[in-house]
Asks: 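Have a look at the structure that comes next, please.
Every chain is numbered from 1, with letters handed out A, B, ... down the list of sequences.
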Amino acid sequence: MFQERASTVGSLVALEKKKTCSYATGAALSNSTSQFHFYIPEAGYLEESPIEFGQISAPKTSSGIPSEESFSSPSSLPASFPFASSESVPLPFPMGHGTTTLAFMFQGGVLAAADTRSSCSGLVACPAAQKILPIHSHLVGTTSGTSADCALWKRILSRELRLYQLRHGRRLSTGGAAKLLSHMLHPFKGTELCVAATLCGWDGGELDDGCRDDHKGSETDDSERRDTTETPKADVETTAGAPGEKVSLSKTQSSSRTKRQCSRRKISFSGPGLFYVCSDGTRLEGKLFSVGSGSPYAYSILDQGVRWGLTVEEATSIAREAVYRATRRDAYSGNFVDIYHVTANGWTRRTREDLKEEYYREKERRRLERERRGTTSSE
Amino acid sequence: MEYLIGIQGPDYVLVAADNVAASSIIQMKHDYDKMFKLSDKILLLCVGEAGDTVQFAEYIQKNVQLYKMRNGYELSPSAAANFTRKNLADYLRSRTPYHVNLLLAGHDDADGPGLFYMDYLASLAKAPFAAHGYGAFLTLSILDRYYRPDLTRDEAVDLLKKCVEELNRRFILNLPSFNVRLIDKDGIHDMEKISIGTK
(Lines give C-alpha, C1' and ligand atoms only; values in the text may rest on other atoms or scores of the structure.)
Protein backbone atom coordinates (compact mmCIF):
# COMPACT_ATOMS: atom_id res chain seq x y z
CA MET A 1 0.00 0.00 0.00
CA PHE A 2 2.83 2.24 0.77
CA GLN A 3 4.15 1.56 -2.69
CA GLU A 4 0.84 2.47 -4.28
CA ARG A 5 0.79 5.81 -2.56
CA ALA A 6 4.34 6.50 -3.63
CA SER A 7 3.50 5.77 -7.22
CA THR A 8 0.47 8.05 -7.20
CA VAL A 9 2.59 10.78 -5.68
CA GLY A 10 5.12 10.17 -8.40
CA SER A 11 2.52 10.41 -11.11
CA LEU A 12 1.10 13.58 -9.59
CA VAL A 13 4.54 15.13 -9.64
CA ALA A 14 4.95 14.06 -13.24
CA LEU A 15 1.61 15.64 -14.17
CA GLU A 16 2.61 18.87 -12.51
CA LYS A 17 5.86 18.89 -14.40
CA LYS A 18 4.01 18.46 -17.63
CA LYS A 19 1.71 21.36 -16.85
CA THR A 20 4.58 23.73 -16.22
CA CYS A 21 5.88 23.01 -19.70
CA SER A 22 4.83 26.01 -21.69
CA TYR A 23 5.19 24.34 -25.05
CA ALA A 24 3.41 21.29 -26.39
CA THR A 25 6.23 19.12 -27.45
CA GLY A 26 6.38 15.52 -26.28
CA ALA A 27 2.95 14.60 -27.54
CA ALA A 28 3.46 16.10 -30.95
CA LEU A 29 6.76 14.39 -31.44
CA SER A 30 5.73 10.93 -30.35
CA ASN A 31 2.61 10.93 -32.50
CA SER A 32 4.50 11.72 -35.65
CA THR A 33 3.81 9.27 -38.41
CA SER A 34 6.86 10.14 -40.45
CA GLN A 35 8.99 7.10 -40.99
CA PHE A 36 12.03 9.18 -40.36
CA HIS A 37 10.90 10.09 -36.87
CA PHE A 38 13.41 9.75 -34.10
CA TYR A 39 12.74 10.10 -30.45
CA ILE A 40 13.65 13.34 -28.74
CA PRO A 41 13.52 13.11 -24.94
CA GLU A 42 10.81 14.81 -22.94
CA ALA A 43 11.50 18.53 -23.04
CA GLY A 44 10.56 19.02 -19.42
CA TYR A 45 13.35 16.76 -18.27
CA LEU A 46 15.85 18.66 -20.36
CA GLU A 47 14.67 22.01 -19.10
CA GLU A 48 15.02 21.09 -15.45
CA SER A 49 18.58 19.97 -15.65
CA PRO A 50 20.54 20.83 -12.52
CA ILE A 51 23.30 22.56 -14.43
CA GLU A 52 21.60 25.85 -15.20
CA PHE A 53 24.43 28.33 -15.16
CA GLY A 54 26.18 29.45 -18.31
CA GLN A 55 23.23 28.73 -20.55
CA ILE A 56 22.57 30.80 -23.60
CA SER A 57 19.23 32.54 -22.99
CA ALA A 58 17.91 32.57 -26.52
CA PRO A 59 18.50 29.22 -28.11
CA LYS A 60 19.69 29.29 -31.69
CA THR A 61 17.38 26.94 -33.44
CA SER A 62 16.94 25.71 -36.96
CA SER A 63 13.55 24.67 -38.20
CA GLY A 64 15.04 22.21 -40.66
CA ILE A 65 13.41 20.95 -43.81
CA PRO A 66 9.84 22.32 -44.02
CA SER A 67 8.43 18.99 -45.06
CA GLU A 68 9.40 17.28 -41.80
CA GLU A 69 6.51 17.83 -39.44
CA SER A 70 8.18 16.34 -36.43
CA PHE A 71 10.18 19.55 -36.14
CA SER A 72 7.23 21.89 -36.40
CA SER A 73 7.93 23.48 -33.03
CA PRO A 74 11.66 24.05 -33.04
CA SER A 75 11.50 26.32 -30.03
CA SER A 76 10.89 23.22 -27.97
CA LEU A 77 14.57 22.38 -28.08
CA PRO A 78 15.78 23.93 -24.84
CA ALA A 79 18.78 26.15 -24.40
CA SER A 80 21.90 24.04 -24.42
CA PHE A 81 24.89 24.91 -22.36
CA PRO A 82 28.06 25.80 -24.21
CA PHE A 83 30.49 22.98 -24.80
CA ALA A 84 33.80 24.77 -24.31
CA SER A 85 34.59 27.16 -21.51
CA SER A 86 34.79 30.83 -22.41
CA GLU A 87 38.24 31.49 -23.77
CA SER A 88 40.03 34.60 -22.57
CA VAL A 89 42.64 34.42 -25.33
CA PRO A 90 41.25 34.42 -28.87
CA LEU A 91 42.24 31.38 -30.90
CA PRO A 92 44.06 31.86 -34.21
CA PHE A 93 41.63 29.60 -36.04
CA PRO A 94 38.58 27.65 -34.92
CA MET A 95 39.94 24.73 -32.92
CA GLY A 96 37.57 21.85 -33.04
CA HIS A 97 36.74 18.91 -30.95
CA GLY A 98 39.32 18.03 -28.31
CA THR A 99 40.51 14.72 -29.60
CA THR A 100 42.67 13.01 -32.18
CA THR A 101 41.07 10.44 -34.41
CA LEU A 102 42.27 9.20 -37.73
CA ALA A 103 41.30 6.64 -40.32
CA PHE A 104 42.81 5.55 -43.60
CA MET A 105 42.32 2.98 -46.31
CA PHE A 106 45.03 0.66 -47.56
CA GLN A 107 45.34 -2.68 -49.27
CA GLY A 108 44.48 -4.55 -46.08
CA GLY A 109 41.22 -2.75 -45.40
CA VAL A 110 40.52 0.31 -43.30
CA LEU A 111 42.38 1.24 -40.15
CA ALA A 112 40.91 3.57 -37.53
CA ALA A 113 42.81 4.91 -34.56
CA ALA A 114 41.94 7.34 -31.78
CA ASP A 115 43.12 8.57 -28.43
CA THR A 116 41.01 8.09 -25.32
CA ARG A 117 41.05 11.37 -23.48
CA SER A 118 37.65 12.89 -22.85
CA SER A 119 38.09 16.51 -21.84
CA CYS A 120 35.62 19.01 -20.44
CA SER A 121 36.61 22.67 -20.28
CA GLY A 122 40.23 21.99 -19.49
CA LEU A 123 39.94 19.03 -17.19
CA VAL A 124 40.19 15.41 -18.16
CA ALA A 125 36.75 14.04 -17.54
CA CYS A 126 37.68 10.50 -18.49
CA PRO A 127 41.14 9.20 -19.39
CA ALA A 128 39.82 5.95 -20.79
CA ALA A 129 36.91 6.89 -22.99
CA GLN A 130 36.04 5.03 -26.14
CA LYS A 131 36.08 7.17 -29.23
CA ILE A 132 35.77 4.46 -31.83
CA LEU A 133 32.33 2.91 -31.70
CA PRO A 134 31.37 -0.15 -33.67
CA ILE A 135 28.13 0.37 -35.54
CA HIS A 136 27.70 -3.10 -36.93
CA SER A 137 29.88 -6.03 -37.82
CA HIS A 138 31.45 -4.31 -40.81
CA LEU A 139 31.21 -0.65 -39.90
CA VAL A 140 33.09 1.30 -37.31
CA GLY A 141 32.80 5.00 -36.58
CA THR A 142 35.30 7.34 -34.99
CA THR A 143 33.75 10.11 -32.95
CA SER A 144 34.79 13.64 -32.30
CA GLY A 145 32.94 16.63 -30.92
CA THR A 146 30.53 16.34 -28.05
CA SER A 147 30.83 12.82 -26.60
CA ALA A 148 27.17 12.56 -25.74
CA ASP A 149 26.03 13.68 -29.16
CA CYS A 150 28.36 11.24 -30.84
CA ALA A 151 27.29 8.32 -28.69
CA LEU A 152 23.62 9.09 -29.25
CA TRP A 153 23.83 9.54 -32.99
CA LYS A 154 25.94 6.46 -33.41
CA ARG A 155 23.25 4.43 -31.66
CA ILE A 156 20.56 6.01 -33.80
CA LEU A 157 22.61 5.23 -36.87
CA SER A 158 23.02 1.59 -35.80
CA ARG A 159 19.30 1.33 -35.32
CA GLU A 160 18.53 2.82 -38.70
CA LEU A 161 21.09 0.62 -40.44
CA ARG A 162 19.67 -2.45 -38.78
CA LEU A 163 16.19 -1.47 -39.88
CA TYR A 164 17.46 -1.00 -43.41
CA GLN A 165 19.07 -4.41 -43.31
CA LEU A 166 15.87 -6.04 -42.10
CA ARG A 167 13.75 -4.25 -44.67
CA HIS A 168 15.95 -4.74 -47.71
CA GLY A 169 17.88 -7.87 -46.95
CA ARG A 170 21.34 -6.40 -47.38
CA ARG A 171 23.65 -4.06 -45.57
CA LEU A 172 23.70 -0.43 -46.52
CA SER A 173 27.01 0.66 -47.97
CA THR A 174 29.36 2.96 -46.06
CA GLY A 175 28.46 5.82 -48.38
CA GLY A 176 24.81 5.20 -47.79
CA ALA A 177 25.29 5.13 -44.05
CA ALA A 178 27.22 8.40 -44.29
CA LYS A 179 24.45 9.97 -46.34
CA LEU A 180 21.87 8.74 -43.84
CA LEU A 181 23.79 10.24 -40.93
CA SER A 182 24.34 13.48 -42.81
CA HIS A 183 20.62 13.83 -43.56
CA MET A 184 19.69 13.00 -39.97
CA LEU A 185 22.02 15.70 -38.67
CA HIS A 186 20.94 18.36 -41.17
CA PRO A 187 17.93 19.64 -39.16
CA PHE A 188 20.29 20.41 -36.29
CA LYS A 189 22.56 22.59 -38.33
CA GLY A 190 23.17 25.87 -36.56
CA THR A 191 22.51 24.42 -33.11
CA GLU A 192 25.11 23.37 -30.60
CA LEU A 193 25.07 19.79 -31.74
CA CYS A 194 28.58 18.80 -32.67
CA VAL A 195 29.40 15.47 -34.29
CA ALA A 196 32.39 14.92 -36.55
CA ALA A 197 32.71 11.26 -37.41
CA THR A 198 34.53 9.15 -39.91
CA LEU A 199 32.70 6.02 -40.94
CA CYS A 200 35.03 3.16 -41.83
CA GLY A 201 33.49 0.10 -43.27
CA TRP A 202 33.65 -2.74 -45.67
CA ASP A 203 30.86 -2.89 -48.24
CA GLY A 204 29.62 -6.33 -49.03
CA GLY A 205 28.72 -5.43 -52.58
CA GLU A 206 25.35 -5.92 -54.18
CA LEU A 207 23.81 -9.17 -55.26
CA ASP A 208 24.81 -10.23 -58.74
CA ASP A 209 21.29 -11.16 -59.81
CA GLY A 210 20.37 -7.50 -59.77
CA CYS A 211 17.75 -7.81 -62.49
CA ARG A 212 14.86 -8.17 -60.08
CA ASP A 213 11.58 -6.45 -60.71
CA ASP A 214 10.87 -5.01 -57.31
CA HIS A 215 11.33 -1.57 -55.86
CA LYS A 216 14.56 -2.54 -54.20
CA GLY A 217 16.07 -1.64 -57.53
CA SER A 218 15.48 2.04 -56.97
CA GLU A 219 17.30 2.01 -53.67
CA THR A 220 20.76 1.10 -54.74
CA ASP A 221 23.68 2.68 -52.96
CA ASP A 222 23.89 6.42 -52.99
CA SER A 223 27.59 6.76 -53.61
CA GLU A 224 28.55 9.72 -55.69
CA ARG A 225 29.52 7.49 -58.55
CA ARG A 226 25.92 7.00 -59.53
CA ASP A 227 24.47 9.24 -62.18
CA THR A 228 21.79 11.74 -61.44
CA THR A 229 18.79 9.87 -62.81
CA GLU A 230 18.39 7.68 -59.72
CA THR A 231 16.29 8.85 -56.78
CA PRO A 232 18.27 8.97 -53.56
CA LYS A 233 17.44 6.61 -50.74
CA ALA A 234 16.41 9.37 -48.35
CA ASP A 235 13.74 10.69 -50.70
CA VAL A 236 12.26 7.27 -51.25
CA GLU A 237 12.12 6.62 -47.53
CA THR A 238 10.24 9.78 -46.75
CA THR A 239 7.74 9.23 -49.53
CA ALA A 240 7.14 5.61 -48.62
CA GLY A 241 4.90 6.73 -45.79
CA ALA A 242 2.63 8.62 -48.16
CA PRO A 243 -0.21 6.77 -49.87
CA GLY A 244 0.49 4.38 -52.67
CA GLU A 245 0.80 6.75 -55.58
CA LYS A 246 4.39 7.80 -55.06
CA VAL A 247 5.51 4.31 -54.13
CA SER A 248 4.05 2.88 -57.30
CA LEU A 249 5.70 5.63 -59.31
CA SER A 250 9.08 4.64 -57.97
CA LYS A 251 8.28 0.99 -58.73
CA THR A 252 7.49 1.64 -62.37
CA GLN A 253 10.57 3.80 -62.64
CA SER A 254 12.72 1.07 -61.21
CA SER A 255 11.26 -1.63 -63.43
CA SER A 256 12.07 0.39 -66.51
CA ARG A 257 15.47 1.13 -65.14
CA THR A 258 16.45 -2.27 -63.79
CA LYS A 259 17.01 -3.43 -67.32
CA ARG A 260 19.56 -0.69 -67.75
CA GLN A 261 20.85 -1.29 -64.26
CA CYS A 262 21.44 -4.97 -64.93
CA SER A 263 24.62 -4.30 -66.80
CA ARG A 264 25.70 -1.84 -64.14
CA ARG A 265 24.86 -4.21 -61.28
CA LYS A 266 27.52 -6.68 -62.33
CA ILE A 267 30.15 -4.05 -61.60
CA SER A 268 28.98 -3.85 -57.98
CA PHE A 269 31.20 -2.17 -55.47
CA SER A 270 32.67 -4.37 -52.80
CA GLY A 271 35.53 -3.20 -50.70
CA PRO A 272 36.60 -0.67 -48.13
CA GLY A 273 34.76 2.60 -47.67
CA LEU A 274 35.78 5.67 -45.74
CA PHE A 275 33.59 8.73 -45.27
CA TYR A 276 33.84 11.84 -43.14
CA VAL A 277 30.55 13.24 -41.85
CA CYS A 278 30.23 16.43 -39.87
CA SER A 279 27.24 18.01 -38.20
CA ASP A 280 27.75 21.19 -40.23
CA GLY A 281 26.73 19.14 -43.26
CA THR A 282 30.06 18.13 -44.74
CA ARG A 283 30.20 14.65 -46.18
CA LEU A 284 33.39 13.65 -47.92
CA GLU A 285 34.70 10.43 -49.33
CA GLY A 286 38.40 9.80 -49.12
CA LYS A 287 41.30 7.56 -48.35
CA LEU A 288 42.71 9.36 -45.35
CA PHE A 289 41.03 11.52 -42.73
CA SER A 290 42.01 12.87 -39.37
CA VAL A 291 39.61 14.77 -37.17
CA GLY A 292 39.99 16.76 -34.00
CA SER A 293 42.24 19.27 -32.33
CA GLY A 294 45.20 16.93 -32.74
CA SER A 295 44.50 16.31 -36.40
CA PRO A 296 47.07 18.70 -37.92
CA TYR A 297 49.82 16.87 -36.02
CA ALA A 298 48.47 13.51 -37.07
CA TYR A 299 48.11 14.58 -40.71
CA SER A 300 51.75 15.51 -40.95
CA ILE A 301 52.85 12.07 -39.77
CA LEU A 302 50.34 10.22 -41.91
CA ASP A 303 51.08 12.19 -45.07
CA GLN A 304 54.66 11.03 -44.89
CA GLY A 305 54.00 7.34 -44.61
CA VAL A 306 50.55 6.22 -45.72
CA ARG A 307 50.50 4.43 -49.07
CA TRP A 308 48.15 1.86 -50.51
CA GLY A 309 50.71 -0.95 -50.28
CA LEU A 310 51.27 -0.91 -46.53
CA THR A 311 51.15 -4.16 -44.61
CA VAL A 312 48.87 -4.41 -41.61
CA GLU A 313 51.79 -4.11 -39.18
CA GLU A 314 53.21 -1.05 -40.94
CA ALA A 315 49.80 0.58 -41.04
CA THR A 316 49.20 -0.08 -37.37
CA SER A 317 52.57 1.31 -36.43
CA ILE A 318 52.13 4.50 -38.43
CA ALA A 319 48.68 5.01 -36.97
CA ARG A 320 50.03 4.55 -33.47
CA GLU A 321 52.88 6.93 -34.21
CA ALA A 322 50.52 9.58 -35.55
CA VAL A 323 48.24 9.42 -32.51
CA TYR A 324 51.24 9.41 -30.21
CA ARG A 325 52.73 12.53 -31.81
CA ALA A 326 49.42 14.29 -31.66
CA THR A 327 48.97 13.44 -28.00
CA ARG A 328 52.45 14.78 -27.31
CA ARG A 329 51.61 18.18 -28.76
CA ASP A 330 47.91 18.55 -28.18
CA ALA A 331 46.65 19.11 -24.66
CA TYR A 332 43.21 17.69 -25.38
CA SER A 333 44.45 14.32 -26.60
CA GLY A 334 46.21 11.67 -24.61
CA ASN A 335 46.17 8.67 -22.35
CA PHE A 336 45.64 5.56 -24.50
CA VAL A 337 45.34 4.68 -28.15
CA ASP A 338 42.67 2.45 -29.66
CA ILE A 339 43.13 0.83 -33.03
CA TYR A 340 40.41 -0.89 -35.02
CA HIS A 341 40.97 -2.70 -38.27
CA VAL A 342 38.09 -3.36 -40.68
CA THR A 343 38.36 -6.07 -43.31
CA ALA A 344 36.00 -8.17 -45.33
CA ASN A 345 35.50 -10.38 -42.29
CA GLY A 346 34.47 -7.54 -40.00
CA TRP A 347 36.29 -5.38 -37.53
CA THR A 348 38.99 -6.40 -35.07
CA ARG A 349 40.31 -4.40 -32.19
CA ARG A 350 43.83 -4.15 -30.88
CA THR A 351 44.37 -4.03 -27.14
CA ARG A 352 44.44 -0.55 -25.82
CA GLU A 353 47.95 0.80 -25.39
CA ASP A 354 49.15 3.30 -22.85
CA LEU A 355 50.98 6.13 -24.57
CA LYS A 356 52.82 7.01 -21.39
CA GLU A 357 54.82 3.80 -21.91
CA GLU A 358 55.50 4.86 -25.48
CA TYR A 359 56.82 8.17 -24.25
CA TYR A 360 59.25 6.48 -21.86
CA ARG A 361 60.31 3.99 -24.52
CA GLU A 362 61.10 6.82 -26.87
CA LYS A 363 63.00 8.70 -24.20
CA GLU A 364 65.03 5.57 -23.55
CA ARG A 365 65.72 5.13 -27.26
CA ARG A 366 66.89 8.71 -27.57
CA ARG A 367 69.12 8.34 -24.55
CA LEU A 368 70.73 5.21 -25.94
CA GLU A 369 71.26 6.84 -29.29
CA ARG A 370 72.85 9.86 -27.69
CA GLU A 371 75.15 7.61 -25.68
CA ARG A 372 76.09 5.66 -28.75
CA ARG A 373 76.82 8.78 -30.71
CA GLY A 374 78.70 10.20 -27.74
CA THR A 375 80.95 7.11 -27.49
CA THR A 376 81.59 6.95 -31.26
CA SER A 377 82.50 10.64 -31.48
CA SER A 378 84.83 10.43 -28.56
CA GLU A 379 86.85 7.64 -30.20
CA MET B 1 38.90 30.05 -50.34
CA GLU B 2 37.06 28.34 -53.16
CA TYR B 3 37.08 29.39 -56.75
CA LEU B 4 34.70 29.00 -59.65
CA ILE B 5 35.02 30.41 -63.12
CA GLY B 6 32.97 30.24 -66.30
CA ILE B 7 33.59 31.54 -69.83
CA GLN B 8 30.94 31.51 -72.52
CA GLY B 9 31.91 31.19 -76.17
CA PRO B 10 29.85 31.36 -79.37
CA ASP B 11 28.69 27.75 -79.10
CA TYR B 12 30.11 26.39 -75.85
CA VAL B 13 30.60 27.22 -72.18
CA LEU B 14 33.86 26.46 -70.39
CA VAL B 15 33.77 26.07 -66.60
CA ALA B 16 36.37 25.30 -63.99
CA ALA B 17 36.37 24.81 -60.21
CA ASP B 18 39.10 24.16 -57.70
CA ASN B 19 39.47 20.76 -56.09
CA VAL B 20 40.04 21.55 -52.46
CA ALA B 21 37.64 20.58 -49.69
CA ALA B 22 38.86 22.36 -46.58
CA SER B 23 37.94 22.42 -42.93
CA SER B 24 39.37 25.41 -41.01
CA ILE B 25 43.09 25.25 -41.86
CA ILE B 26 43.28 21.68 -43.14
CA GLN B 27 42.74 20.51 -46.71
CA MET B 28 40.67 17.39 -46.18
CA LYS B 29 40.44 16.43 -49.83
CA HIS B 30 42.53 17.39 -52.86
CA ASP B 31 40.27 15.94 -55.54
CA TYR B 32 36.82 17.16 -54.58
CA ASP B 33 34.41 17.80 -57.45
CA LYS B 34 32.28 20.92 -57.03
CA MET B 35 30.29 20.49 -60.21
CA PHE B 36 26.86 18.89 -60.14
CA LYS B 37 25.37 17.53 -63.31
CA LEU B 38 21.76 18.68 -63.55
CA SER B 39 21.10 17.16 -66.93
CA ASP B 40 22.96 16.15 -70.08
CA LYS B 41 23.79 19.73 -70.92
CA ILE B 42 23.58 21.64 -67.68
CA LEU B 43 26.18 21.87 -64.93
CA LEU B 44 25.76 23.54 -61.57
CA LEU B 45 28.92 24.73 -59.82
CA CYS B 46 28.36 25.30 -56.16
CA VAL B 47 30.52 26.77 -53.38
CA GLY B 48 29.71 28.20 -49.98
CA GLU B 49 28.99 26.98 -46.50
CA ALA B 50 29.94 23.42 -45.68
CA GLY B 51 26.74 21.40 -45.65
CA ASP B 52 24.57 23.86 -47.55
CA THR B 53 26.40 23.39 -50.84
CA VAL B 54 25.76 19.67 -51.22
CA GLN B 55 22.26 19.81 -49.74
CA PHE B 56 21.10 22.65 -52.00
CA ALA B 57 22.82 21.42 -55.12
CA GLU B 58 21.48 17.90 -54.75
CA TYR B 59 18.00 19.29 -54.06
CA ILE B 60 18.10 21.25 -57.31
CA GLN B 61 19.63 18.30 -59.14
CA LYS B 62 16.90 15.90 -58.08
CA ASN B 63 14.15 18.36 -58.82
CA VAL B 64 15.44 18.98 -62.33
CA GLN B 65 15.46 15.23 -62.86
CA LEU B 66 11.95 14.98 -61.46
CA TYR B 67 10.76 17.58 -63.95
CA LYS B 68 12.22 15.49 -66.74
CA MET B 69 10.50 12.35 -65.47
CA ARG B 70 7.15 14.04 -65.07
CA ASN B 71 7.07 15.99 -68.32
CA GLY B 72 9.24 13.97 -70.64
CA TYR B 73 11.59 16.77 -71.63
CA GLU B 74 14.40 18.57 -69.88
CA LEU B 75 14.47 22.05 -68.44
CA SER B 76 16.39 24.60 -70.45
CA PRO B 77 19.40 26.20 -68.73
CA SER B 78 17.56 29.48 -68.36
CA ALA B 79 14.58 27.77 -66.77
CA ALA B 80 16.82 25.76 -64.46
CA ALA B 81 18.66 28.92 -63.44
CA ASN B 82 15.44 30.72 -62.66
CA PHE B 83 14.17 27.73 -60.73
CA THR B 84 17.37 27.66 -58.69
CA ARG B 85 17.17 31.38 -58.02
CA LYS B 86 13.55 31.09 -56.94
CA ASN B 87 14.50 28.42 -54.40
CA LEU B 88 17.35 30.52 -53.08
CA ALA B 89 15.03 33.50 -52.74
CA ASP B 90 12.36 31.45 -50.97
CA TYR B 91 14.81 30.13 -48.43
CA LEU B 92 16.55 33.48 -47.99
CA ARG B 93 13.92 34.90 -45.67
CA SER B 94 13.26 31.64 -43.88
CA ARG B 95 14.89 30.23 -40.77
CA THR B 96 17.39 28.26 -42.83
CA PRO B 97 18.82 30.33 -45.66
CA TYR B 98 21.29 28.55 -47.90
CA HIS B 99 24.62 30.33 -48.01
CA VAL B 100 25.77 29.18 -51.45
CA ASN B 101 27.26 30.88 -54.49
CA LEU B 102 26.52 29.28 -57.83
CA LEU B 103 27.39 29.25 -61.47
CA LEU B 104 25.00 27.47 -63.78
CA ALA B 105 26.30 26.64 -67.23
CA GLY B 106 24.37 25.00 -70.00
CA HIS B 107 23.67 24.65 -73.65
CA ASP B 108 20.19 24.97 -75.08
CA ASP B 109 19.30 23.78 -78.58
CA ALA B 110 17.18 26.86 -79.12
CA ASP B 111 19.04 29.61 -77.29
CA GLY B 112 22.60 28.35 -77.50
CA PRO B 113 25.10 28.43 -74.65
CA GLY B 114 24.36 30.24 -71.40
CA LEU B 115 26.27 31.07 -68.23
CA PHE B 116 24.30 32.23 -65.21
CA TYR B 117 25.78 33.82 -62.12
CA MET B 118 23.85 33.45 -58.83
CA ASP B 119 24.84 34.36 -55.33
CA TYR B 120 23.58 33.65 -51.85
CA LEU B 121 21.28 36.68 -51.88
CA ALA B 122 19.40 35.10 -54.78
CA SER B 123 20.55 37.44 -57.47
CA LEU B 124 20.70 36.12 -61.03
CA ALA B 125 22.61 37.46 -63.99
CA LYS B 126 23.34 35.96 -67.37
CA ALA B 127 26.93 36.83 -68.09
CA PRO B 128 29.54 36.13 -70.77
CA PHE B 129 32.09 35.31 -68.07
CA ALA B 130 31.92 35.08 -64.29
CA ALA B 131 33.88 33.99 -61.24
CA HIS B 132 33.19 33.32 -57.56
CA GLY B 133 35.44 33.41 -54.54
CA TYR B 134 38.37 35.53 -53.43
CA GLY B 135 40.14 34.47 -56.59
CA ALA B 136 37.55 36.41 -58.56
CA PHE B 137 39.10 39.68 -57.41
CA LEU B 138 42.33 38.67 -59.06
CA THR B 139 40.98 37.19 -62.26
CA LEU B 140 38.01 39.29 -63.36
CA SER B 141 40.22 41.99 -64.79
CA ILE B 142 42.11 39.40 -66.84
CA LEU B 143 38.81 38.21 -68.20
CA ASP B 144 37.75 41.81 -68.91
CA ARG B 145 40.91 42.45 -70.83
CA TYR B 146 41.12 39.34 -72.99
CA TYR B 147 37.55 38.17 -73.43
CA ARG B 148 35.94 38.38 -76.87
CA PRO B 149 32.55 36.93 -77.77
CA ASP B 150 34.11 34.88 -80.56
CA LEU B 151 36.80 33.05 -78.61
CA THR B 152 37.69 29.63 -79.94
CA ARG B 153 37.81 26.72 -77.52
CA ASP B 154 41.59 26.67 -77.35
CA GLU B 155 41.73 30.41 -76.75
CA ALA B 156 39.22 30.03 -73.93
CA VAL B 157 41.33 27.31 -72.31
CA ASP B 158 44.37 29.57 -72.63
CA LEU B 159 42.47 32.39 -70.99
CA LEU B 160 41.54 30.01 -68.20
CA LYS B 161 45.17 29.02 -67.78
CA LYS B 162 46.15 32.69 -67.57
CA CYS B 163 43.68 33.11 -64.73
CA VAL B 164 44.98 30.07 -62.89
CA GLU B 165 48.55 31.28 -63.34
CA GLU B 166 47.65 34.58 -61.75
CA LEU B 167 46.02 32.79 -58.84
CA ASN B 168 49.09 30.69 -58.29
CA ARG B 169 51.25 33.77 -58.33
CA ARG B 170 49.25 36.14 -56.15
CA PHE B 171 46.61 34.29 -54.23
CA ILE B 172 47.59 33.61 -50.65
CA LEU B 173 45.94 30.18 -50.53
CA ASN B 174 47.21 27.15 -52.32
CA LEU B 175 44.77 25.87 -54.96
CA PRO B 176 46.81 23.17 -56.61
CA SER B 177 44.40 21.77 -59.17
CA PHE B 178 41.21 22.61 -61.03
CA ASN B 179 38.52 20.52 -62.69
CA VAL B 180 37.70 21.78 -66.18
CA ARG B 181 34.60 20.92 -68.19
CA LEU B 182 33.18 22.14 -71.47
CA ILE B 183 29.50 22.11 -72.45
CA ASP B 184 28.38 22.32 -76.06
CA LYS B 185 25.59 20.93 -78.22
CA ASP B 186 27.00 17.43 -77.77
CA GLY B 187 26.88 17.50 -74.00
CA ILE B 188 29.36 17.82 -71.19
CA HIS B 189 33.00 17.01 -71.90
CA ASP B 190 35.64 16.51 -69.24
CA MET B 191 38.80 18.32 -70.07
CA GLU B 192 42.29 17.94 -68.74
CA LYS B 193 42.72 19.06 -65.14
CA ILE B 194 44.78 22.18 -64.69
CA SER B 195 47.39 21.84 -61.95
CA ILE B 196 50.41 23.82 -60.90
CA GLY B 197 52.95 23.09 -63.57
CA THR B 198 50.69 22.57 -66.58
CA LYS B 199 51.68 24.98 -69.31
Side-chain angles (χ1 to χ4, degrees), chain A residues 60-66 71 74-75 91-97 179 182-183 185-190 196 198 222 224 227-232 234-236 249-250 252-253 256-257 276-293 295-300 303, chain B residues 1-2 19-44 46-70 72 74-75 80 87 90-91 93-100 187-188:
Chain A
K60 241 180 93 182
T61 53
S62 65
S63 64
I65 309 164
F71 298 103
S75 58
L91 293 171
F93 53 85
M95 290 256 200
H97 329 314
K179 197 113 185 143
S182 175
H183 281 200
L185 293 176
H186 181 72
F188 297 95
K189 189 172 156 107
T198 59
D222 351 12
E224 293 129 345
D227 70 66
T228 58
T229 52
E230 292 189 45
T231 51
D235 284 358
V236 180
L249 175 70
S250 68
T252 51
Q253 289 302 321
S256 62
R257 277 186 284 123
Y276 167 66
V277 180
C278 186
S279 51
D280 66 6
T282 318
R283 174 184 170 265
L284 299 172
E285 186 196 2
K287 296 205 165 50
L288 168 66
F289 285 115
S290 175
V291 185
S293 55
S295 65
Y297 311 110
Y299 265 122
S300 37
D303 283 336
Chain B
M1 314 287 173
E2 305 172 288
N19 279 336
V20 170
S23 168
S24 89
I25 60 162
I26 305 275
Q27 278 187 17
M28 298 210 76
K29 254 179 96 88
H30 315 285
D31 54 358
Y32 186 60
D33 192 1
K34 302 187 185 181
M35 306 196 194
F36 293 84
K37 185 177 153 183
L38 297 190
S39 77
D40 286 335
K41 294 189 194 160
I42 308 181
L43 269 182
L44 181 70
C46 189
V47 291
E49 198 178 320
D52 287 353
T53 49
V54 176
Q55 286 282 115
F56 185 73
E58 288 194 343
Y59 175 69
I60 300 294
Q61 193 182 43
K62 303 312 172 193
N63 272 292
V64 170
Q65 289 301 313
L66 184 63
Y67 184 93
K68 180 183 173 186
M69 284 178 208
R70 279 192 178 140
E74 289 183 342
L75 275 172
N87 271 292
D90 287 339
Y91 279 105
R93 301 276 182 191
S94 72
R95 300 263 199 107
T96 56
Y98 284 106
H99 199 291
V100 290
I188 302 175

Asks: Would you compute the distance between atom CD of A:Glu285 and atom CG of B:Asp33 and round it to the nearest 0.5 angstrom?
Replies: 12.0 Å
Asks: Any carboxylate oxygen within less than 4.0 angstrom of a Lys/Arg side-chain nitrogen, looking at B:Glu58 and A:Arg283?
Replies: no
Asks: With sequence neighbours excluded, tell me which residues meet side-chain hydrogen bond (donor to acceptor under 3.5 Å, both in side chains) with A:Thr282.
Replies: A:Asp280
Asks: Looking at every heavy atom in both A:Leu284 and B:Ala21, which two are closest together, and how far apart are they?
Replies: CD2-CB, 3.9 Å
Asks: Looking at residues at least two apart in the chain, or sitting in another chain, which of them share a side chain to side chain contact (heavy atoms under 4.5 Å, CB included) with B:His99?
Replies: B:Glu49, B:Asp52, B:Tyr120
Asks: Working to the nearest 0.5 Å, report the span between OG of A:Ser295 and CD1 of B:Ile25.
Replies: 8.0 Å
Asks: With a 4.5 angstrom heavy-atom cut-off, is it the side chain or the backbone of A:Ser290 that approaches chain B, or both, or neither?
Replies: backbone
Asks: As an exercise, state the distance from NZ of B:Lys29 to CG of A:Leu288, rounded to the nearest 0.5 Å.
Replies: 11.0 Å
